[in-house]
Amino acid sequence: MRKTLGVWLCLVLFAAIGKAEQKGAESAPPGEQFVGTWSGTWDSAGRGSGGFELTLEKATDGSIGGKVSVTGEPTYKATLETVSFEGQKMTARYNFPPDENIAVVLTATFSGNTAKGTWAARLKASGEELAAGTWTVTKK
């Protein structure tokens, strides 16, 4: 009887530990594995290029936020207004600092320590695309 009770207690304990680990993994916000600084380049189909740095951070509420630093023409820094992840794919948006009437939409697919994506500068009022291109980064 005592041996059977001990076996059952061990099974219950292992099940509880496994459930707690599973719950911890489930509660991680989408994209948390990509938190960090990513550095690389952007290009606008031969009309311009420069450096691109994406910093993804975990906010106090557990969500993922971040900022970008862009060099070339133009050079600026901006805070991401929205960031969302669906698996390895990210969509983010920020206000274009030289002209607050323009929003930049980023999309990317992360694979290991690299990410590749597209960007598009659009008028906020109409959604008209003003410029677009690609970007590639590697995790620092």
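Computed from a prediction, not measured in an experiment: that's the story for all the values here. Values below: all heavy atoms of this structure, side chains included; hydrogens, waters and symmetry mates excluded.
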Could you check Leu54 against Met90 for side-chain contact (heavy atoms from CB on, under 4.5 Å), going step by step and ending with a plain yes or no? CA-CA 12 Å; Leu54 170 68; Met90 177 193 81; 4.2 Å; yes
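- The shortest heavy-atom contact between Phe96 and Pro74 is CZ-CG, 3.7 Å.
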Derivation of the side-chain contact (heavy atoms from CB on, under 4.5 Å) call for Thr136 and Thr114: CA-CA 7 Å; Thr136 304; Thr114 63; 5.7 Å; no
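- At least one donor-acceptor pair under 3.5 Å links the side chain of Asp43 to the backbone N or O of Ala45.
- Proximity of a side-chain donor or acceptor of Thr134 to a complementary backbone N or O of Gly117 within less than 3.5 Å is not detected.
- Crowding of Glu86 atom CD: a count of heavy atoms from other residues, nucleotides or ligands under 6.0 Å not exceeding 12.
- The closest donor-acceptor contact from the side chain of Gln88 to the backbone of Phe110 lies under 3.5 Å.
- Rounding to the nearest 0.5 Å places OG1 of Thr79 at 7.5 Å from NZ of Lys67.
- Pairing each heavy atom of Phe34 with each of Leu56, the nearest pair is O-CD1, 3.5 Å.
- With hydrogens and angles disregarded, no donor-acceptor distance shorter than 3.5 Å links the side chain of Trp42 to the backbone of Glu53.
- Between atom CD1 of residue Ile64 and atom OG1 of residue Thr82 there is a gap of 13.5 Å, rounded to the nearest 0.5 Å.
- Between Phe52 and Trp135, the two ring planes are tilted [angle within 30° to 60°].
- Going from atom OG1 of Thr71 over to atom NZ of Lys77 covers 10.5 Å, rounded to the nearest 0.5 Å.
- Side chain of Lys140 to backbone of Gly36: no donor-acceptor contact under 3.5 angstrom is found.
- Distance check, rounded to the nearest 0.5 Å: CZ of Arg93 to CG of Leu106 gives 11.0 Å.
- Scanning both residues, Val137 and Gly40, for their nearest heavy atoms gives CG1-N, 3.7 Å.
- Across all their heavy atoms, Ala132 and Glu129 have their closest contact at CB-OE2, 3.4 Å.
- We find the CD1-CZ distance between Ile102 and Arg122 to be 12.5 Å, quoted to the nearest 0.5 Å.
- Distance check: Lys116 NZ to Thr138 OG1 gives 9.0 Å after rounding to the nearest 0.5 Å.
- For the residue pair Ser84 / Thr91, no side-chain donor-acceptor distance below 3.5 Å is found, with atom types taken as modelled.
- Under a hydrophobic clustering in which Ile, Leu, Val, Met, Phe, Trp and Tyr are joined whenever their side-chain heavy atoms come within less than 4.5 Å, directly or via other members, Leu80 and Val35 fall into the same cluster.
- Between Tyr76 and Tyr94, the angle of the ring planes lies from 30° to 60°, which puts this pair in the tilted group.
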